[in-house]
Asker: 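One structure follows; several queries about it will come next.
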Amino acid sequence: MKPKTHRLTLKPWKTMKLASTLVIALTLQVSAAVSSKTVTLSRKKESINLTSVQKQIKGKVVDEKGIPIPGANITVKGTNIGTQADADGKFSISVPENGAKLIVSFIGFDSQEVAIGNSTLTIVLKETGQKLDEVVVVGYGTQKKKDLVGSVASVSSKDFKEQAVTNISQILQGRASGVQVISNSGAPGGAVSVRIRGNNSIVGDNSPLYVVDGFVGTDPSSINPNDIETMDILKDAPSTAIYGSRGANGVIVITTKKGKAGKSNISFMTQLGGGNVVKKLDLLGAADYARTLNERAAATGLPPVFTQQQINNYAANGGTDWQNEIFRSMLSQEYQLNISGGNEKTNYFTSGNYLNQSGILLNTGLKRYALRIGLNSKLTDKLSLHLNSSATRNEVLNGAAGSGGRFSSINQAITWSPTEPVRDANGKYTRVDPYNSIDFNPVAYATDQSNVSNNSLFTSVVGLKYEFIPGLTFDATGGLNYNNIQNLNFSDATINSLFQANAGRSSTENIGVQSTNNLTYAHTFNNAHNLVLTGVIEYQSYTSNYFNASGNNLTYPETKYYNIGLSGTYGIGSGYTESTLLSYLGRATYDYKGIYYVSASVRRDGSSKFQKDNQYSTFPSAGAAWKISEMDFMKNKTFFNSLKFRGGYGLTGNQAINPYQTLSLYNTATTTIDPGKANPGIVLGNPGNPDLKWETTRQWDLGLDADMFDNRVSFTADYYDKLTDNLLLNVPVPAYMGGGSVLSNVGAVSNKGLEFSLTYRNSKDAQVHWSSSANLSFLRNKIESLYSPSNIPSSTAEFMLIPGQPMGTFWGLTYLGTWKPSEAAAAAAYNNKPGDSKYLDLNGDHIIDGSDYHAIGHGLPKYTWGWNNDFVWKGLTLNVFIQSAGGFDKLDGSIGTIYAGLRQATAAGIADRYIPGVNETSDIPAFSLTDKNYSPSTRFLEDATYIRLKNISLSYQIPKEYFKGFGATVFLRGTNLITITKYKGFDPETNSLTTGAGSDVNQSLDNASYPNAKLVTLGVKLEL
């Protein structure tokens, strides 16, 4: 068609400047010709015709079952014109009448390009939820799930979009087989342990490796869950060996959200939640407590503690419910803003998040601020740019309270006498409990200390990818991870035995730098042989420097940690560490017509943490798969849409040591040389071991993947066998050689298990769309050998390292109940009488002592499972998520405290104790001067198996026509509303021991740990 010509006549009195005319020419994409008073503008042939007719297209987006897909994105290919489907899947869009095409997409579905024919369209999207067709992120590349040789579990944003999650661990718990999540604390920002296929190391950290948008070793606390698109959990050696010395504990690869071509999308989410503690312990009221103390006094020959008048006053007026004093109704508020969009060449995604969550315990809480930006741009036909940057700040208040223990407000709340007031007559905290606790006021413990952790994190990954020829690409990526941690600690005089206020603070700066150079070649030969070759050189460096200062007996306690110099005594410290890792790796994957698959990889890591010949180590792996469903004899078996068997073997490693641990240490010491004067000095510490090398894990895996019944049922099963040897352990050094211990490579640990996952999607004709996914995992952990054939004490007295037993084995006495009247003679042999505690005497010497201690239980769950369900009817979505862990014991220190505390019992159940002549069948010991309470024992070791309704939510997407162009979804969610368990303590899920290196040998100890909250959340999401 001949280009249109536009003529502008320039009148002398309104002459436009030539520059302005040229701007018009550029804006209209026309060419300009100037003569006399006339400028002739001619449209360029390649420009869009300004006179083209706009055509109105209406349509509906549905899935294969005919169910509408609300929020589906519809864009005109090659333009920024776009819209979204309403709650009924309907849309309307104006398009140029020149052969334009629509791009239709939605999370969880394959994008579709649609040619415009009729004015009314029905567009059917296919679910990528047909699991074997999904693309997953593996180490340094991607693969279709149907082509995987290794064991990889995937969790997408679609799987948790209906649930209230504030951190990564909540996403993982119960959603992926082989992944165990232990909530060490229910406190906001509290410690969480994530383990993949068991625990490998005794002294090292068993946490998985996190890779976020290509940066290896990202701190998971830096990730805002709302930014996550997918999480791919790499579990077996063929999947993790590509990460070499850091892959032994499994790898979690996180991909954040990205923009899409078309109209800019703006979404805003806000939610407000409130909740209370999942459970309180049943304790004595003030009057019953006073009566119980009098009964104990009478049984032990002492005068009454309380008068009857005092007891009557407590009965009339009540006392102090210490649990009510320290626990409160918590409040959580969160705001999330997403802006994304782009065109065919460039897309962007940016987000901002604010979370403010108070804890159920006084003076605890979390604030999080998060920003993220992602950019992907095709600079030329061969060169593209990718950028992902994030900044996060986490402010945690009194997060350490989550570990419980003797010096915690929760432990003291169940210990302090209910007869004592919170404050005395002068309005000050009651300082002393005259009857039971020997520690400080529970409320004072909660309010008069301030332990603040401000963690600021910045991560940025930027890379350029160049395609030399089709299939041959080179990706050069650089990354920076910056982490600044400010810890501020203060405790007032009210919770200090010396009546003085103390404070301290520390500052830590961690910097990680990464350079990754990835060359990949992918090609299909003769339409049958598919080959992908990957070669990578990667370098990472880590530096950490810190200082700390502390002051005792602050001159001005009001200034807390901001003026430590004004204190009676003070101390300072500082340090610096640096380490580097250089890696060379290669991988080859091959398949023949999608039937036979082979994969092999090798990685060689060099670490500055080790010395001499042990600095480098090699980690190979190999795997194979057979898709039997593609065989001719299976073609007519419509029962299976896809059926694949796979297997693999490989080696992975664990550095498990800090920098300089191969060197001999010197410690500072103070001694007295001159009379009355303290002289500082240096003494030899633990000797170094230059022969230290990597812990190495060898793993077998056999698996099966299947899609059945028209892709409505997906099933995966795995069996694995892991053996970790060259364990790093501290071996004692004889005193005649200087004493201490030396870190050495000795011992082995094994992990074996079965994993199953099942996904179901109901028939296409159903009125209500139901999708259900379940997973079940079994684990057997065992210490195969140590540096000695005998048992080795753990770092915590309640546990023992025993060859042939799993980590987390409890070490104590077997409690047999109470001595009964018919056993009076036998009890006398132990200086006991009927009603006293009775324990198993292993050696029969009539003495209960250390020789009678033995393995009494195991704290590591033997199985875990999760079951997630979505029910969708029009704009309504109901989600029900159940999670469980079982087959493990927990030492319930909370129950032990309230029944067998230092001086008095506070448990309501003490009324059911053994009482001579009244209740002689009870196994709760009588009040007696001859009774002895030994700990730990099976008396307070309980089955901690639980089933928990983790989430139930109902959401409704309001049709867009009600809001003139933008969508709205309202939702109501409940978290931890129902727990089924026999466990008597606060919460079967929490743990008093913190996470980190060496923590896995001490599992499931509950000394009044911070329990979870029952939470109800109401929110709304708006989309433009």
Side-chain angles (χ1 to χ4, degrees), residues 274-299 302-330 358-364 401 404 406 408-448 494-495 894-913 915 924 927 984-987 1008 1010-1011 1013-1014:
N276 294 286
V277 62
V278 292
K279 177 185 176 182
K280 292 179 182 177
L281 301 187
D282 189 11
L283 304 181
L284 292 168
D288 289 333
Y289 179 77
R291 291 190 193 97
T292 302
L293 262 63
N294 282 353
E295 290 170 2
R296 180 167 189 157
L302 297 174
V305 179
F306 295 94
T307 66
Q308 187 59 47
Q309 182 60 46
Q310 288 176 306
I311 295 175
N312 293 340
N313 289 337
Y314 289 132
N317 303 316
T320 301
D321 187 329
W322 289 104
Q323 292 183 97
N324 285 347
E325 294 294 335
I326 65 161
F327 289 123
R328 62 179 176 180
S329 295
M330 57 85 67
S358 63
I360 54 175
L361 183 65
L362 285 175
N363 204 29
T364 60
R406 172 181 164 184
S408 72
S409 56
I410 298 178
N411 188 67
Q412 291 308 307
I414 62 177
T415 305
W416 261 59
S417 300
T419 54
E420 302 310 299
V422 176
R423 294 181 182 273
D424 60 22
N426 298 318
K428 296 182 178 181
Y429 283 124
T430 302
R431 188 174 177 87
V432 177
D433 179 356
Y435 309 116
N436 195 21
S437 176
I438 61 173
D439 290 311
F440 303 111
N441 188 305
V443 179
Y445 262 127
T447 60
D448 283 11
T494 55
I495 54 174
S894 302
I895 298 299
T897 296
I898 64 178
Y899 273 96
L902 290 175
R903 293 194 282 176
Q904 305 291 345
T906 58
I910 197 66
D912 298 325
R913 69 189 180 277
I915 301 176
I924 300 174
F927 293 145
K984 299 175 183 177
F986 284 106
D987 191 343
Y1010 198 124
K1014 291 182 179 179

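Heavy-atom basis, side chains included; hydrogens, waters and symmetry copies ignored.
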Asker: Just so I know, are the side chains of Asn276 and Lys1014 near enough to count as touching, which here means a heavy-atom distance under 4.5 Å?
Answerer: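 The answer is no; the side chains never approach within 4.5 Å.
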
Asker: Quick one: closest heavy-atom pair of Leu361 and Thr364, and the distance?
Answerer: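 Smallest interatomic distance, heavy atoms only, reads O-OG1, 2.7 Å.
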
Asker: If only atom types and distance count, is the side chain of Lys279 paired as donor or acceptor with the main-chain N or O of Gly985 below 3.5 Å?
Answerer: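 Checked: pair present.
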
Asker: Donor-acceptor check, side chain of Ser417 to backbone of Glu420, threshold 3.5 angstrom: yes or no?
Answerer: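 No, because the side chain of Ser417 does not come within donor-acceptor range (under 3.5 Å) of the backbone of Glu420.
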
Asker: After noting the C-alpha distance and the side-chain angles of Tyr289 and Thr906, does the key distance pass the side-chain hydrogen bond (donor to acceptor under 3.5 Å, both in side chains) rule?
Answerer: CA-CA 7 Å; Tyr289 179 77; Thr906 58; over 6 Å; no

Asker: Indicate yes or no: at least one non-hydrogen side-chain atom of Asn441 is less than 4.5 angstrom from one of Gln412.
Answerer: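 Heavy-atom side-chain distance check fails, nothing below 4.5 Å.
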
Asker: With no hydrogens and no angle check, do the side chains of Thr494 and Asp448 hold a donor and an acceptor under 3.5 Å apart?
Answerer: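 Thr494 vs Asp448: donor-acceptor pair found between side chains.
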
Asker: Should Leu281 and Gln323 be marked as a side-chain contact (heavy atoms from CB on, under 4.5 Å) after you check the CA-CA gap, both sets of side-chain angles, and the distance that decides it?
Answerer: CA-CA 8 Å; Leu281 301 187; Gln323 292 183 97; 3.9 Å; yes

Asker: Using atom types as modelled and distance alone, determine if a side-chain donor or acceptor of Asp424 lies under 3.5 Å from a backbone N or O of Thr430.
Answerer: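 Answer holds: no.
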
Asker: Go through it in stages, so that I can follow the logic: the residues are Ile414 and Ser894, the test is side-chain contact (heavy atoms from CB on, under 4.5 Å), and I'd like the CA-CA distance, side-chain angles, deciding distance and then a yes or no.
Answerer: CA-CA 8 Å; Ile414 62 177; Ser894 302; 4.0 Å; yes

Asker: Is there side-chain contact between Lys280 and Asn324, with heavy atoms separated by less than 4.5 Å?
Answerer: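 A side-chain contact under 4.5 Å exists here.
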
Asker: Shortest non-hydrogen contact from Arg328 to Gly359?
Answerer: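 Taking Arg328 first and Gly359 second, the nearest heavy atoms are NE-O, 2.7 Å.
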
Asker: Check Ala287 against Ile311 and note the closest heavy-atom contact, atom names and distance.
Answerer: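 Looking at all heavy atoms of both residues, the shortest contact is CB-O, 3.9 Å.
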
Asker: Side chains of Tyr314 and Arg291: does their closest heavy-atom pair fall under 4.5 Å?
Answerer: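 Tyr314 does not reach Arg291 side chain to side chain.
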
Asker: If we only count heavy atoms from C-beta on, is the Ile495 to Tyr429 side-chain gap below 4.5 Å?
Answerer: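 Side-chain contact under 4.5 Å: no.
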
Asker: If you compare all heavy atoms of Ala1008 against all heavy atoms of Ser408, which two are closest, and at what distance to 0.1 Å?
Answerer: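 Here Ala1008 and Ser408 meet closest at O-OG, 4.5 Å.
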
Asker: With a 4.0 Å cut-off on N to O distance, would you call Glu295 and Arg913 a salt bridge?
Answerer: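 Salt bridge present between Glu295 and Arg913.
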
Asker: Any side-chain heavy atom of Tyr445 within less than 4.5 Å of one from Leu362?
Answerer: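 A side-chain contact is absent here, since even the closest heavy-atom pair is not under 4.5 Å.
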
Asker: Give, for atom CG of Leu284 and atom CD1 of Ile898, the distance between the pair rounded to the nearest 0.5 Å.
Answerer: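 Rounded to the nearest 0.5 Å, the CG-CD1 separation comes to 9.0 Å.
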
Asker: Got a second to check how far Asp288's CG is from Leu293's CG, nearest 0.5 Å?
Answerer: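 Rounded to the nearest 0.5 Å, the CG-CG separation comes out at 11.5 Å.
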
Asker: Please check: side-chain N/O of Asp282 versus main-chain N/O of Ala908, any donor-acceptor pairing under 3.5 Å?
Answerer: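 The answer is no, because no donor-acceptor pair under 3.5 Å joins these two groups.
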
Asker: Would you say that Pro1011 contacts Ile410 through its side chain, given a criterion of any heavy-atom pair below 4.5 Å between the two side chains?
Answerer: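 Result yes, sub-4.5 Å side-chain heavy-atom pair found.
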
Asker: Applying side-chain hydrogen bond (donor to acceptor under 3.5 Å, both in side chains), name anything that partners Asn363, two or more places apart in sequence or on another chain.
Answerer: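 Testing Asn363 for side-chain hydrogen bond (donor to acceptor under 3.5 Å, both in side chains), a comparison that skips the adjacent residues, returns none.
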
Asker: Which is it for Ile438 and Arg903 under the side-chain contact (heavy atoms from CB on, under 4.5 Å) test, yes or no, and what are the steps along the way?
Answerer: CA-CA 9 Å; Ile438 61 173; Arg903 293 194 282 176; 4.2 Å; yes

Asker: Please examine the side chains of Trp416 and Tyr435, heavy atoms only from C-beta on, and report whether any two atoms are closer than 4.5 Å.
Answerer: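 Tyr435 vs Trp416: side chains apart.
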
Asker: How long is the gap from OG on Ser437 to CH2 on Trp322, to the nearest 0.5 Å?
Answerer: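 Atom-to-atom, Ser437:OG and Trp322:CH2 are 9.5 Å apart.
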
Asker: Say you draw a straight line from CD1 of Ile910 to OG1 of Thr292; how long is it, rounded to the nearest 0.5 Å?
Answerer: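 The OG1 atom of Thr292 is 7.5 Å from CD1 of Ile910, to the nearest 0.5 Å.
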
Asker: Using 0.5 Å steps for rounding, measure from the NZ atom of Lys984 to the OH atom of Tyr899.
Answerer: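 That separation rounds to 6.5 Å.
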
Asker: Between Thr320 and Val422, does a side-chain contact (heavy atoms from CB on, under 4.5 Å) hold up when you go through it step by step?
Answerer: CA-CA 7 Å; Thr320 301; Val422 176; 3.9 Å; yes

Asker: Just how far is it from atom CD of Gln904 to atom CZ of Arg296, taken to the nearest 0.5 Å?
Answerer: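 Separation between the atoms: 5.0 Å.
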
